Asks: 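Before I ask anything, here is the structure I am working with.
FYI, side chains are in, hydrogens and waters are out, and symmetry mates aren't considered; it's all heavy atoms of this structure. Remember, it's a predicted structure, so these values are computed and weren't measured experimentally. Counting from 1, the numbers follow the sequence of the chain as shown.
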Amino acid sequence: VDTTNAAFGHCRGVGYYRVPDAGGVCAERIYTNTIDARLIALDAQTGKPCEGFGKSGIVDLKQGLTEAPKGYYYVTSAPTVARGRIVLGGWISDGQWVGSPAGVIRAFDAVTGKLSWAFDAGRPDRSGEPPAGEFYTRATPNSWAPMSADEALGLVYVPTGNAAGDYIGMQRRPFDEEWTSSVAALDIETGRPRWKFQTVHHDLWDYDVASQPTLVDWPSPQGMRPALIQPTKRGEIFVLDRTTGEPILPVTERAVPTRGAVPEERIAPTQPFSDALPSFRGAAVEEKSMWGITPLDQLWCRIKFREARYEGTLTPPGLTPSITYPGFLGGSNWGGVSVDLDRRLMIVNSNHVGNYARMVTRAEADAMGVHALGIGGTKAKTEGYGIAPQTGGLYAAKALPFMSPIFAPCQQPPWGRISAVDLVTRKLVWSEPLGTARDSGPLGMASRLPFRVGAPNLGGAVTTRSGLTFIAAAQDNYLRAFDTETGKVLWRARLAAGGQASPMTYRSAASGRQFVALSAGGHTFLNTTKGDYVYAFALPGKQ
């Protein structure tokens with residue numbers, strides 16, 4: 001596998017399909033994506049390629065896309081398999097080039113690998129492959145996060161990201177504005193959109209929808225309604241009717257800050273807020289909440305806070321420094337939320353780390369030699385500056401977590417929490433810091449301190465009917481079991497690498513024992529221990 005320019009080396013899972021009325025080789029299939037943009041079908045029993053799928057078991061996902069450097073397009077989330085189709089989007093390299101490949105959503109036949117349909121936001125009238133000499137529309141909003149599907153309704157639910165250029169919007173086209181930072185329901189059979197809900201208008205904060213939609217039956221005065229719960233990086237959680245897209249819980253358009261952006265930019269005057277559920281965006285940032293390992297870096301953080309613009313959530317980035325809170329980590333990220341249907345509790349893990357942002361003029365970026373990966377030179381020139389080049393646009397952007405010079409967050413802990421919300425009363429039941437300082441510290445060194453400070457986290461939780469919530473995700477290398485009703489930690493296990501993944505649970509048909517399994521691979525962004533492990537835990541056989 002060629003990993004050139006690939007920011008992430010792992011996919012977030014695989015897909016499974018049993019071919020109806022089939023037996024023998026490839027009657028059961030595993031589908032996986034690669035970071036060099038291939039979709040592979042394997043026999044579930046032997047691991048051998050399914051010869052009748054694509055070309056010798058492989059579909060080239062670059063088909064129909066415009067030329068771009070390696071690593072600009074690949075699929076980071078598991079394929080969604082529904083009604084005999086494999087539906088996937090793709091990850092487009094963040095903040096690099098405004099001419100990046102399309103964020104097209106495609107479905108392939110699960111048996112043959114042939115294209116079933118394509119949804120190209122720039123050409124919604126065309127559902128097949130582009131004609132010879134044409135391509136899917138460049139730089140459309142992409143979908144890199146996990147999707148969900150309701151086979152009974154015939155819908156696949158697609159979380160979308162930004163059009164290319166996360167922090168500039170003046171070059172976006174009308175269809176970019178329509179589909180960016182949304183959750184969309186597409187017909188599984190045809191790919192045609194049924195409905196769409198936008199979580200951020202004219203997104204300038206890298207608030208792409210990173211979380212998988214969670215599908216539940218929602219209690220209402222009229223009985224149970226088919227619902228979709230959509231967490232967001234903003235910390236807002238929207239509850240929609242998954243048939244129509246209409247909000248089940250009230251959504252209010254509220255005025256947001258509009259001052260301070262670059263002159264060419266326009267700012268959406270209002271944004272949607274979910275008022276009926278607790279918000280997980282965290283308390284407003286204040287100078288008195290600046291924090292440090294030492295008095296010196298705390299002082300540095302206070303000075304930087306005073307130098308920055310901050311008018312609350314959704315403060316627009318501009319040529320002077322500003323604070324974006326939550327930052328691009330969230331709020332909620334790709335792990336999403338889990339729901340205990342018996343107890344009517346929603347489990348949410350969230351982050352509380354802001355970004356320090358500043359727009360950089362093209363002339364300033366050019367003077368520093370900053371250019372996109374593989375464009376404008378033989379080698380990427382973003383390292384050392386932490387700048388998103390946004391090559392082809394009017395501005396680059398420097399938007400990094402708000403950290404002190406010794407790489408400690410400038411905001412006081414906790415930086416990560418796990419919480420439970422009662423879906424009937426819509427109240428917060430409990431909220432606890434998630435993770436210790438055991439494997440993190442100043443200058444990227446592990447402090448070995450066992451204090452439960454609440455660490456940044458990536459990954460999700462799984463709940464069981466016995467009243468347990470299993471989650472790793474945090475910056476320390478532990479898998480934990482929480483009491484779903486109280487938030488008390490009941491058990492934890494040490495991992496050899498960062499558990500930035502979502503656990504799964506299953507019962508063995510052979511032994512009857514229930515297992516909890518987790519992949520532990522670490523994560524570059526969180527600076528957790530790297531590895532290549534799969535763990536499985538179970539109670540002793542006689543219990």
Asks: Please tell me whether Asn349 and Asn457 have a donor and an acceptor in their side chains that are separated by less than 3.5 angstrom.
Replies: yes

Asks: Among Phe108, Tyr31, Tyr16, whose side chain to side chain contact (heavy atoms under 4.5 Å, CB included) with Val81 holds?
Replies: Tyr31

Asks: Look up atom OG1 in Thr243 and atom CG in Leu155, then write down how far apart they are to the nearest 0.5 Å.
Replies: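 Reported to 0.5 Å precision, the distance equals 7.0 Å.
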
Asks: Show, in sequence, the C-alpha distance, side-chain angles and deciding distance for Asp203 and Thr180, and conclude whether the side chain to side chain donor-acceptor pair (under 3.5 Å) test is met.
Replies: CA-CA 7 Å; Asp203 183 1; Thr180 192; 5.2 Å; no

Asks: Side-chain contact, heavy-atom cut-off 4.5 Å: Ile375 with Pro69?
Replies: yes

Asks: Got a second to check how far Glu178's CD is from Thr140's OG1, nearest 0.5 Å?
Replies: 12.5 Å

Asks: For the residue pair His202 / Glu177, report whether a side-chain donor-acceptor contact shorter than 3.5 Å exists.
Replies: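 Per modelled atom types, Glu177 and His202 side chains form a pair under 3.5 Å.
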
Asks: If I take atom NZ from residue Lys196 and atom CH2 from residue Trp179, how far apart are they, to the nearest 0.5 angstrom?
Replies: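 Answer rounded to 0.5 Å: 6.0 Å.
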
Asks: Is Lys427 atom NZ crowded by more than 12 heavy atoms from other residues, nucleotides or ligands, each under 6.0 Å away?
Replies: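 Open.
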
Asks: Could you tell me whether Lys70 and Asp36 make a salt bridge, using a distance below 4.0 angstrom between a side-chain N and a carboxylate O?
Replies: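 Asp36 and Lys70: not salt-bridged.
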
Asks: I'd like to know if Arg417 and Glu432 make a salt bridge, using a cut-off of under 4.0 Å between side-chain N and carboxylate O.
Replies: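 A salt bridge is absent here (no side-chain N lies under 4.0 Å from a carboxylate O).
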
Asks: Do you see a donor-acceptor pair shorter than 3.5 Å between the side chains of Asp208 and Trp144?
Replies: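 There is such a pair between these side chains.
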
Asks: In terms of the angle between their ring planes, are His352 and Tyr325 parallel, tilted or perpendicular, with boundaries placed at 30° and 60°?
Replies: tilted

Asks: Working to the nearest 0.5 angstrom, can you tell me the gap between Ser431 OG and Ile418 CD1?
Replies: 9.0 Å

Asks: Answer yes or no on whether Arg358 is positioned over the face of Tyr167, meaning its NZ or CZ is under 6.0 Å from the six-membered ring centre and within 45° of the axis.
Replies: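 Not satisfied by the 6.0 Å and 45° rule.
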
Asks: Could you measure the distance from the OG1 atom of Thr313 to the CZ atom of Arg254? Nearest 0.5 Å is fine.
Replies: 9.5 Å

Asks: Under 4.0 Å between a side-chain nitrogen and a carboxylate oxygen: does that hold for Asp422 and Arg344?
Replies: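 Judged by the 4.0 Å cut-off on N to carboxylate O distance, Asp422 and Arg344 do not form a salt bridge.
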
Asks: So, Thr469 and Thr484: side-chain donor and acceptor under 3.5 Å apart, yes or no?
Replies: yes

Asks: Decide yes or no for Ser274 and Val239: does some side-chain heavy atom of the first lie under 4.5 Å from some side-chain heavy atom of the second?
Replies: no

Asks: Identify whether the distance between the nearest side-chain nitrogen and carboxylate oxygen of Asp187 and Arg192 falls below 4.0 Å.
Replies: no

Asks: Using a strict cut-off of less than 4.0 Å between a Lys/Arg side-chain nitrogen and an Asp/Glu carboxylate oxygen, indicate whether Asp217 and Arg242 qualify as a salt bridge.
Replies: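 The answer is yes: the pair qualifies as a salt bridge.
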
Asks: Distance only, no hydrogens: is a donor on one side chain within 3.5 Å (strictly under) of an acceptor on the other, for Gln198 and Ser181?
Replies: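 Their side chains do not contain a donor-acceptor pair, so the 3.5 Å distance test is not met.
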
Asks: So how far is it from Tyr73 OH to Ser100 OG, rounded to the nearest 0.5 Å?
Replies: 13.0 Å

Asks: Check the surroundings of atom CZ in Phe407: do more than 12 heavy atoms from other residues, nucleotides or ligands lie under 6.0 Å from it?
Replies: no

Asks: Between the side chains of Arg281 and Ser279, is a donor N or O closer than 3.5 angstrom to an acceptor N or O?
Replies: yes

Asks: Check the side chains of Thr436 and Asp476 for a donor-acceptor pair under 3.5 angstrom, ignoring hydrogens and angles.
Replies: yes

Asks: Using the rule given for side chain to side chain donor-acceptor pair (under 3.5 Å), can you reason through Thr137 versus Asp120, listing the C-alpha separation, both sets of side-chain angles and the distance that settles it, and then say yes or no?
Replies: CA-CA 7 Å; Thr137 308; Asp120 176 354; 3.1 Å; yes

Asks: State, with a plain yes or no, whether a side-chain heavy atom of His201 is found less than 4.5 Å away from one of Pro272.
Replies: yes

Asks: Of all residues at least two apart in sequence or in a different chain, which pass the salt bridge (charged side-chain N to carboxylate O under 4.0 Å, His left out) check with Arg438?
Replies: none

Asks: Report yes if the side chains of Ser419 and Phe280 come closer than 4.5 Å at any heavy-atom pair, otherwise no.
Replies: yes

Asks: Looking at Tyr478, I'd like to know if the NZ or CZ of Arg492 sits under 6.0 Å from its six-membered ring centre while staying within 45 degrees of the ring's axis.
Replies: yes

Asks: Who are the salt bridge (charged side-chain N to carboxylate O under 4.0 Å, His left out) partners of Arg343, not counting sequence neighbours?
Replies: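 Applying salt bridge (charged side-chain N to carboxylate O under 4.0 Å, His left out) to Arg343 gives Asp340, Glu485.
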
Asks: Test ring-ring contact (aromatic ring centres under 6.0 Å, His included) on Tyr310 and Tyr356 and set out the steps.
Replies: CA-CA 10 Å; Tyr310 178 69; Tyr356 204 81; over 10 Å; no

